[in-house]
Amino acid sequence: MKAHLTELLFLAVKQITDCNDSSIIVFERPKIINHGDFSTNICLVLSKKLKKSPRALAAMILEKIPTSDLISNIEIAGAGFLNFFLSSKANNKIINDILNSKDSYGKNKTGNNKKIQIEFVSANPTGPLHVGHGRGAAIGDCLARLFETSGWVVTREFYYNDAGEQINNLMHSVKASCQKIPTDDPRFPTDGYHGEYINEIAKAFLSMKTIDCQGVKIKASGKIEDTKSIQEFSIAYLRKEQDLDLIAFKTKFDVYSLESSFYKDGKVEKVVDSLIKEGHTYEKDGALWLKTTNFGDDKDRVMKKTDGTYTYFIPDVTYHLDKWERGFKKVINEQGADHHSTISRVRAGLQGLNKNIPKDWPEYVLHQMITVIKGNKEVKISKRAGSYLTLRELIDEVGCDATRYFLAARRPDSQLVFDIDLAKSQNNDNPVYYIQYAHARISKVLEQWGGDISTLKLDESFIFDSNVELKLIKSISIYPEIVLQATNELAPHQIANFLKECAADLHSYYNNSKFLVEDEKIKMARLSLINSTKYVLKNGLQLLGIEAPPQM
RNA sequence: CUGCCCGUAGCUCAACUGGAUAGAGCACCAGUUUUCUAAACUGGGGGUUACAGGUUCGAUUCCUGUCGGGCAGGCCA
C-alpha cells in the first residue's frame with residue numbers, strides 16, 4: 001500500500017521538481033484519525049528548495065496525483081501535510097488479506113534467510129536467575145521472535161562464564177557451607193556467596209547426589225577436600241536450576257557456549273598470541289596489557305594477570321571471534337547495562353586481531369537495571385548479600401505471561417520499577433489480561449456463530465462506516481509495519497504497546513456494536529473484521545511469547 | 001572527577017528516530033448490562049516534557065550548559 005502511494009505521489013512530484021529519487025517521499029501513520037490513513041510531509045521538505053509556501057506546493061501536487069480506487073480522498077492539512085484516506089475497497093482488501101494470511105500475517109522476508117545470532121541472559125552459574133536476567137530473557141527472546149518473523153535464521157545462544165575467579169568464589173562458598181561455617185564467621189570467604197541456595201548445594205553435595213545437566217550426569221564425590229568435585233557439582237547444580245527457571249519462562253536456546261571450552265581447545269591462547277603478534281600489547285608491573293586506547297577506550301586494560309591467568313574479557317573476545325568464524329555477520333548481545341564497559345573492550349580486542357571485523361560489531365542491546373518494590377520497600381537484588389528475588393519466585397507469584405509482558409513492554413534503556421504487589425494484586429487490570437480478553441471475546445463470538453471460520457470472506461463492495469470500525473481496521477492494518485519497525489529498532493516493547501491499543505479498539509467495537517445480527521451481509525462483514533483482528537492479536541502475542549487463550 | 005543511560009500527569013510508562021492539539025493504564029469523579037463474557041465501555045479533571053539557551057517551517061526527540069537519578073570506571077564478571 002505504501003509503495004503504491006509512493007508511486008502515485010512520485011509521479012506528481014516529478015512534474016514539479018527535477019528530483020529523481022523517490023526516497024525523498026516518506027509516508028507516516030498519523031496518530032489522529034482525522035489525519036487520514038497515511039500522511040506525508042513532502043511539501044514541507046520541498047518548500048524551501050522550491051521557494052514556495054508548503055500549502056501552495058501541496059495544492060499543485062494534489063492536482064497532479066493520479067486517481068486511484070484505493071484512495072477515497074486526499075486533504076491538505078496543517079502546515080502543508082498531505083493526508084491520504086483509503087477507500088473502503090482498500091480497507092476490505094486488507095481484511096481479506098489478513099483472513100488469507102492467517103498466522104503468517106505480519107511476517108516479512110527482509111531478513112532474506114540471513115543468519116543472525118542473538119546472545120542473551122548469559123548468567124554466571126553462581127546463583128539462580130533473578131529479575132534482571134528475566135528482563136534479558138524477555139527482551140532477548142522477543143528479539144529472536146521478531147527476527148524470525150522478518151525472515152532471518154536465528155540462533156539463540158547462552159554463554160556460561162564457568163571459569164575464573166567467580167567460580168572459585170562459588171566453590172569456596174559451598175565448601176564453607178559443607179564445613180558448617182556460618183556466613184558471618186571470619187573463616188567464610190570474604191567475597192563468597194551468601195544465599196540459602198549455597199546451603200542446598202552443600203547438602204546435595206554431601207549426600208552425593210547426581211545432577212543430570214544438558215544430558216551429562218555429574219555425581220558429587222561428597223568429600224569436602226575434593227574441591228574439583230565441589231566446583232563441578234556446584235556448576236552443574238546451578239546450570240540445572242537455571243535451565244528450570246528458563247523452562248518456566250518459556251525461553252529456549254539453540255546453543256550453549258562454555259567459557260571453559262575456549263580454554264580447553266586452546267583458542268584463548270591463540271587469541272592472546274595473535275594480539276601480541278599484531279603488536280597491541282605490552283608488559284607492565286608484571287602483567288600483560290592490551291592497548292585498548294588504540295581503539296577508543298579511555299585506558300589500557302590488563303589481559304594477563306601477574307598470576308598468569310587471564311581477565312574476563314580475553315575469553316569474551318575469544319568467544320566473539322568464534323561467533324564471527326561461525327559466519328554470523330549480524331550478532332546482537334542483550335545484556336544488563338552494568339556490563340556496558342565490556343563493549344569497548346570486546347570490540348577493541350576484535351579490532352586488534354586484524355580480521356576485518358567491522359568496528360561496530362557486535363551490536364548491543366543494553367537493558368537498564370530493575371528496581372523491585374515489595375510492600376513499598378525496595379528489594380535489593382544482590383547475590384552476595386543473599387536477599388534476592390529469583391525469577392522463579394516472580395513467575396510463581398505473577399504468572400509467566402504477565403511477567404514476560406511487564407519485562408518486555410518497556411524500552412530497554414529505561415529503568416523500570418517492578419512493583420510485585422501491583423503486579424499481583426492487579427491481576428485483573430494487568431494489560432496482558434486486557435489483550436488476552438480481547439482475543440477470548442472474539443473467539444467466543446465466533447464460537448456462538450457456529451459457522452465455518454475458514455469460509456469467512458468480506459464482500460468487496462461492503463462499506464464499513466462507523467468510526468470504531470474504521471479505527472480498528474486502521475489498527476490491524478498497521479501491524480506489519482510495527483513488526484518491521486520493532487525489528488529494525490531492536491524494540492520489542494513496540495509490539496506490546498501496539499497490542500494494547502489494538503485490544504482497546506476491539507473492546508470499543510465490542511461494546512459499541514453487536515456482531516451476530518439478523519442481516520447476513522452485515523454479520524459476515526463484522527465477523528470478518530473481528531476474525532482478522534483475532535489473527536493480529538494472536539500473532540502479536542506469539543511474538544511476545546504469551547498465550548492467546550480462546551476463553552478466560 | 002571521567003564515560004554511558006535516563007529525567008514526560010500524583011504513580012507506572014508511550015510518543016512511528018524532527019511532525020500536526022504530547023497519549024495510555026492505575027488512582028480520582030460521573031455514567032453504561034432483559035442483547036455475543038462488565039477482566040469491558042463512555043465522559044471528566046489532571047502537563048511550562050527537570051531548568052536555561054541554541055539549530056529551523058516545526059524540538060519530548062538534535063547541539064551546549066546547569067541540576068537530579070542509575071550504572072560503570074578491579075590484575076571481579
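Everything quoted here is computed from the prediction, not taken from an experiment. Reminder, nothing fancy here: chain letters follow the sequence lines and each chain counts from 1.
Closest of all the heavy-atom pairs between A/R404 and A/I546 is CB-CG1, 4.4 Å. The two residues A/L44 and A/S47 come nearest to each other via the heavy atoms O-OG, 3.2 Å.
For the C1' atom pair drawn from B/A24 and B/A15, the interatomic distance equals 10 Å after rounding to whole Å. Comparing the same atom, P, in B/G69 and in B/U42 gives a spacing of 41 Å after rounding to whole Å. B/U61 and B/C16 are spaced 12 Å apart, taking the C1' atom of each and rounding to whole Å. Using C1' as the reference atom, B/C13 and B/A22 are 13 Å apart when rounded to the nearest Å. Look at the P atom in both B/C6 and B/G10: the space between them is 23 Å, to the nearest Å. Look at the P atom in both B/A40 and B/A77: the space between them is 49 Å, to the nearest Å. Spacing of C1' atoms, B/A72 relative to B/A9, comes out at 32 Å, to the nearest Å. Rounded to the nearest Å, the gap between the P atom of B/C5 and that of B/G23 is 28 Å.
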Going by atom type alone, with no hydrogens or angles, which donor-acceptor pairs under 3.5 Å involve a side-chain atom of residues 336-346 of chain A and a protein atom two or more places apart or on another chain?
from   : atom 1 : to     : atom 2 : distance (Å)
A/T342 : OG1    : A/H339 : O      : 2.9
A/S344 : OG     : A/S341 : O      : 3.4
A/R345 : NH1    : A/Y312 : OH     : 2.9

If you look only at distance, which donor and acceptor atoms sit under 3.5 Å apart when one is on a side chain in residues 483-498 of chain A and the other is two or more places apart or in another chain?
from   : atom 1 : to     : atom 2 : distance (Å)
A/Q485 : NE2    : A/Q494 : OE1    : 3.2
A/T487 : OG1    : A/S150 : OG     : 3.3
A/T487 : OG1    : A/V483 : O      : 2.7
A/N488 : ND2    : A/L484 : O      : 3.3
A/E489 : OE1    : A/Q494 : NE2    : 3.1
A/N497 : ND2    : A/H493 : O      : 3.4

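A donor-acceptor distance shorter than 3.5 angstrom exists from the side chain of A/S122 to the backbone of A/Y159, with no hydrogens or angles considered.
Residue ring and nucleobase are stacked for A/H35 and B/A20, with a centre distance beneath 5.5 angstrom and an angle between planes beneath 30°. The aromatic ring of A/Y434 is not stacked on the base of B/A39, since the criterion of ring centres less than 5.5 Å apart with planes inclined by under 30° is not met.
Contacts between residues 524-533 of chain A and RNA chain B, defined by a heavy-atom separation below 4.0 Å, involve no residue at all. Against RNA chain B, the stretch residues 470-481 of chain A makes no heavy-atom approach under 4.0 Å.
Contact check, A/K299 against B/G74: a side-chain N or O comes under 4.0 Å of OP1 or OP2. Residue A/K305 places at least one side-chain N or O under 4.0 Å from the OP1 or OP2 atom of B/C76. Taking side-chain N and O atoms only, A/R55 has no distance below 4.0 Å to OP1 or OP2 of B/C57. A close approach under 4.0 Å does not occur between any side-chain nitrogen or oxygen of A/T342 and OP1 or OP2 of B/A77.
Counting only Watson-Crick or G-U wobble pairs whose defining distances are both under 3.5 Å, the stems of 3 or more consecutive pairs in RNA chain B are B:1-7 with B:67-73, B:10-13 with B:23-26, B:28-32 with B:40-44, B:50-54 with B:62-66.
Residue-to-nucleotide proximity on RNA chain B shows that, of A/L366 and A/P54, the 5′-proximal contact is made by A/L366. Comparing A/S508 and A/M552 against RNA chain B, the residue whose closest nucleotide sits nearer the 5' end is A/M552.
A donor N or O paired with an acceptor N or O is found under 3.5 Å between the base of B/A77 and the side-chain atoms of A/Y312. Side-chain to base pairing of A/D162 with B/A77: no donor and acceptor N or O lie closer than 3.5 Å to each other. Side chain A/N41 to base B/G19: a donor-acceptor pair is found below 3.5 Å. Side chain A/N161 to base B/A77: no donor-acceptor pair is found below 3.5 Å.
Rounded to an integer number of Å, the gap from CE of A/M369 to P of B/C4 is 18 Å. Rounded to an integer number of Å, the gap from A/I33 CD1 to B/C16 P is 19 Å.
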| remark: Given protein heavy atoms under 4.0 Å, the one-letter contact record of nucleotides 5-15 of chain B, with B base, S sugar-phosphate only and - none, is simply SS-----SSSS
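By the 6.0 Å contact criterion, NZ on A/K291 is enclosed, its count of non-hydrogen atoms from other residues, nucleotides or ligands being greater than 12. Within a 6.0 Å sphere centred on NZ of A/K264, heavy atoms belonging to other residues, nucleotides or ligands number 12 at most. Atom NZ of A/K523 has more than 12 neighbouring heavy atoms from other residues, nucleotides or ligands inside a 6.0 Å radius.
Using a 30° and 60° split on the angle between ring planes, A/F418 and A/F406 fall in the tilted class, from 30° to 60°.
Under the 90° criterion around 0 for the glycosidic angle, B/U42 counts as anti.
Remark: the A/D307 side chain and the A/T309 side chain contain an N/O donor-acceptor pair separated by less than 3.5 Å. Using modelled atom types, one finds a donor on one side chain and an acceptor on the other under 3.5 Å when comparing A/E469 with A/S466. Remark: the A/D300 side chain and the A/Y282 side chain contain an N/O donor-acceptor pair separated by less than 3.5 Å. A/S257 and A/E157 share a side-chain donor-acceptor pair at under 3.5 Å. Side-chain polar atoms of A/Y160 and A/E259 form no donor-acceptor pair below 3.5 angstrom. Side-chain atoms of A/H320 and A/K323 form a donor-acceptor pair, as typed in the model, at a separation below 3.5 Å.
Among the heavy atoms of the strands, none lies under 4.0 Å from A/F313. At a threshold of 4.0 angstrom between heavy atoms, the contacts of A/D307 with the nucleic acid are absent. Within 4.0 Å (heavy atoms only), A/A287 reaches at least one base atom of the nucleic acid. Looking at heavy-atom distances under 4.0 Å, A/N83 makes contact with a base. Across all strands, A/S443 comes closer than 4.0 Å to no nucleic acid atom at all (heavy-atom distances). Using a 4.0 Å heavy-atom distance criterion, A/R441 is classed as a sugar-phosphate-only contact. Across all strands, A/A440 comes closer than 4.0 Å to base atoms (heavy-atom distances). Counting non-hydrogen atoms under 4.0 angstrom, A/H507 reaches the backbone sugars and phosphates but no base. Residue A/Q436 is out of contact with every strand shown, counting any heavy-atom pair closer than 4.0 Å.
Screening A/F158, A/F262, A/Y256, A/F313 for a ring-ring contact (aromatic ring centres under 6.0 Å, His included) involving A/Y319 leaves a single residue, A/F262.
Residues A/Q166 and A/Y193 have side chains in contact (heavy-atom distance under 4.5 Å, counting atoms from C-beta outward).
Closest to the side chain of A/K514, from the set B/C75, B/A20, B/C36, is B/C36. Of all nucleotides listed (B/C16, B/A20, B/C36), B/A20 comes nearest to the side chain of A/S39.
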